[in-house]
Participant: 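After the structure tokens below, expect a handful of questions from me.
Every number for a ligand or one of its atoms is a count from 1 in the order of the listing.
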Amino acid sequence: MNDQESGSVDFVRQKVETDNASGKFDGRVVTRFPPEPNGFLHIGHAKSICLNFGIAEEYGGVCHLRMDDTDPTKEDVNFVQAIQDDIDWLGFKWHGEVRYASDYFDQLHDWAVQLITAGKAYVDSQTIEEIRQGRGTLTELGIDSPYRERTVEENLDLFARMRAGEFADGEQVLRAKIDMESKHLIMRDPIMYRIRHAEHYRQGDDWCVYPMYDFTHGQSDSIEGVTHSICTLEFENNRRLYDWYIRELGIYVPEQTEFARLGLTHTVMSKRRLLQLVNDGLMSGWDDPRMPTIRGLRRRGYTPEAIREFCRRIGVTKFDGVTEIALLEHCLRDDLNRRSQRRMAVLKPLKVVIENYPEGEMEELEAINNPEDESAGTRSVPFTRELFIERDDFLEDPPKKFYRLAPGREVRFRYAYFVTCRDVVKDDSGEVIELRCTYDPQTRGGSAPDGRKVKSTIHWVSAEQAVTAEVRLYDHLFLESDPATIAADEEWTRHLNPGSLETLQGCCLERSLGETDVGDRFQFERLGYFCVDDDSTSDRPVFNRTVTLRDQWAKLKKQSPTAG
Ligand code: ATP
Ligand code: MG
């Protein structure tokens, strides 16, 4: 159960428990996740998914998946499929078939007629602009439409003709007759139906009038017998209207509870902004590993377990806030540390020749796959005369705290031998291109019989056995911690982190990485967690860096010097 450590449950679960105790819904628990299929799911949706599906699981209930698909102009069957895939990947199962608000269009239409008949709805022939102006503002009361007092017969006739396609888009709307002087703007005769001569991705051209989201959502929950309709805070206001419709129609009443949406530092979550990043070509797609979408996180190498653990840790509150992306990364590292096999890989190679190692010889050394998991066993890595090490692991003129390789210095090559740097080879420009070294055959396995110590251990890859790969390093999408606050009229994409993607070619991986499948995850020792990208081909493996081993940003903040 949620929040076990503290022994308490969040306020939404508390409500469910209270309702179960009082028998409000006869102990039934029916939740739903209601996405609009107009984009891909993101980490914010994951919070809602974990909450809705989680509650259903924990209290012996069920969770529906319903596409809230009332807008024919933006929705697409591809999004419908992607949403299902993503929920499935996160590890949740919805109850029964996928449901669609658009399947309720007939019922909603009948309900609209019912409200007209009851004198609770009318057809307004004002323009959208006139309607907008008539609605007033927070400080100014609304004014009644000149069409507000149409008779029931006239309204029924006009609505039937709207439905029959006799009017153009925007010529008429159906409005609820509530109160133009309500202090709640949403109650000032909200629009129920509008005309849209557009094809719906599921309903085809059956309809040219479409219900507004607000006239659909509450009733859809009611139709499905949802007990706990859980949504984000911005719908608190709409609740008043949902309740009005449901009351006037005299139908089953679900209980709505609002919680704070998730905001994350260094990224944006608005579908509109994500769409722009994709459409403007600033991202390679919805699954760009820098995107906060489930697709992006997945391709980046995130595990569903890490995302679920993150959602568990952030909990559910009533207060909007922005969560540090570092927490998400922390949950990811925790999970990957437990499950990833270790490998050696050199991203920026520097050649090393072991002068006293026989040419053409090769030996197999044993390396541990995962120190966190003994059952992961060992593998063998080939050691040869020519090797690669990380360029960063050598300095010709090392500062005081640099303990890695330097001229005349001995270090440990992981799982292999002690190696001493004897000489440095440079090209014409003075750049170091090769190190001439010797090894101590007595130190096989990484310790010296005479007990002498070395101050550092570095990773390496056999040059002749190396697998060459492309490696993509990712960093935060925005340098700014709260890019969501950049005003809409500003050129917000200017704030993208120019270093969010660094592509490295010619990286050298240990032999065992020659055969991998898309999505396989590894820890490259000392470098971070990586996974195989779906751009990979057999002769061109591509790895994504999922996350570094430690929070680099925390390090930057502390301004600590880089130690060996
Ligand atoms: P739009 O701006 O298109 O309305 P949306 O983010 O609200 O986008 P929906 O498809 O309507 O997207 O969202 C489905 C569900 O996910 C809703 O119940 C919504 O409250 C929830 N949700 C969306 N974004 C977040 C978020 N950042 N944190 C928590 N829940 C979210
Ligand atoms: Mg929405």
Side-chain angles (χ1 to χ4, degrees), residues 10 12 31-56 63-76 78-84 86-87 90 92 94 98-102 201 212-214 216-218 220-221 224 226 228-239 242 254-278 286 291-297 307-308 310-323 325 327-328 482-485 488:
D10 58 67
V12 184
T31 57
R32 85 285 173 269
F33 176 66
E36 187 182 352
N38 62 356
F40 288 85
L41 299 182
H42 52 59
I43 181 76
H45 292 116
K47 176 178 179 180
S48 175
I49 290 169
C50 288
L51 184 61
N52 280 296
F53 284 89
I55 284 181
C63 181
H64 297 175
L65 171 59
R66 181 179 71 240
M67 303 295 157
D68 264 349
D69 53 356
T70 53
D71 185 344
T73 60
K74 295 201 197 98
E75 293 153 3
D76 190 292
N78 293 319
F79 292 131
V80 170
Q81 192 53 51
I83 287 168
Q84 294 177 58
D86 287 349
I87 295 173
L90 280 170
F92 294 106
W94 52 92
V98 177
R99 293 149 211 261
Y100 298 86
S102 59
Y201 78 103
M212 299 299 288
Y213 181 85
D214 282 345
T216 309
H217 184 77
S220 299
D221 282 348
E224 294 182 9
V226 168
H228 299 86
S229 175
I230 303 162
C231 60
T232 38
L233 287 177
E234 70 273 20
F235 290 103
E236 199 158 6
N237 254 323
N238 305 53
R239 170 152 47 106
Y242 301 162
E255 174 183 80
Q256 177 170 311
T257 305
E258 303 88 11
F259 70 99
R261 55 199 296 131
L262 170 70
L264 262 192
T265 57
H266 303 290
T267 191
V268 289
M269 220 92 91
S270 134
K271 271 188 207 163
R272 205 171 33 76
R273 288 193 171 180
L274 294 176
L275 185 67
Q276 190 183 335
L277 289 178
V278 174
W286 286 95
M291 294 278 275
T293 51
I294 304 297
R295 300 262 139 153
L297 296 171
I307 293 174
R308 290 170 70 151
F310 168 73
C311 291
R312 195 189 67 79
R313 287 212 202 172
I314 55 176
V316 190
T317 68
K318 278 268 188 197
F319 312 103
D320 273 320
V322 183
T323 301
I325 201 165
L327 179 62
L328 177 62
D482 196 2
T485 58

Participant: Please indicate whether any nitrogen or oxygen in Gly44 is less than 3.5 Å from any nitrogen or oxygen in ligand 1.
Facilitator: yes
Participant: For atom 16 (O) of ligand 1, which of the options Arg32, Glu234, His45 provides the nearest non-hydrogen atom?
Facilitator: His45
Participant: With heavy atoms of Asn38 as the reference, note each atom of ligand 1 found under 4.0 Å away.
Facilitator: 3 (O)
Participant: Please confirm whether the backbone N or O of Phe259 pairs with a side-chain atom of Thr232, one donor and one acceptor, at under 3.5 Å?
Facilitator: no
Participant: Which of the atoms in ligand 1, numbered in the order shown and given with their element, are less than 4.0 Å from a heavy-atom of Phe33?
Facilitator: 15 (C), 16 (O)
Participant: Are any of the side-chain nitrogens in Glu258 or Arg239 under 4.0 Å away from the carboxylate oxygens of its partner?
Facilitator: yes
Participant: Which of the atoms of ligand 1 are close to Thr232, meaning less than 4.0 Å from one of its heavy atoms?
Facilitator: 19 (C), 20 (O), 29 (C), 30 (N), 31 (C)
Participant: Give a yes or no answer on whether the side chain of Lys47 reaches the backbone of Ala260 with a donor-acceptor pair at less than 3.5 Å.
Facilitator: yes
Participant: Can you sort out the partners of Phe92 under ring-ring contact (aromatic ring centres under 6.0 Å, His included), two or more places apart, ordered by chain and number?
Facilitator: Phe53
Participant: Could Arg261 and Asp320 be called an ion pair, given the rule that one side-chain N must be under 4.0 Å from one carboxylate O?
Facilitator: no
Participant: Ignoring angles and geometry beyond distance, decide whether Leu262 reaches within less than 3.5 Å of ligand 1 through its nitrogen or oxygen atoms.
Facilitator: yes
Participant: Have a look at Glu36, Lys271, Arg273 and point out the one with the heavy atom closest to atom 12 (O) of ligand 1.
Facilitator: Lys271
Participant: Between Arg272 and ligand 1, which residue portion shows a heavy-atom distance shorter than 4.0 Å: side chain, backbone, both, or neither?
Facilitator: neither
Participant: Answer yes when Glu224 and Arg66 have at least one side-chain N-carboxylate O distance shorter than 4.0 Å, and no when they do not.
Facilitator: yes
Participant: Measure Pro34 to ligand 1 on non-hydrogen atoms and call it side chain, backbone, both or neither using the 4.0 Å cut-off.
Facilitator: both
Participant: Test of understanding: with salt bridge (Lys or Arg N to Asp or Glu O under 4.0 Å), list the residues that count as partners of Glu75, not counting sequence neighbours.
Facilitator: none
Participant: With respect to atom 6 (O) of ligand 1, which of Met269, Met67, Arg261, Lys74 exhibits the smallest heavy-atom separation?
Facilitator: Arg261
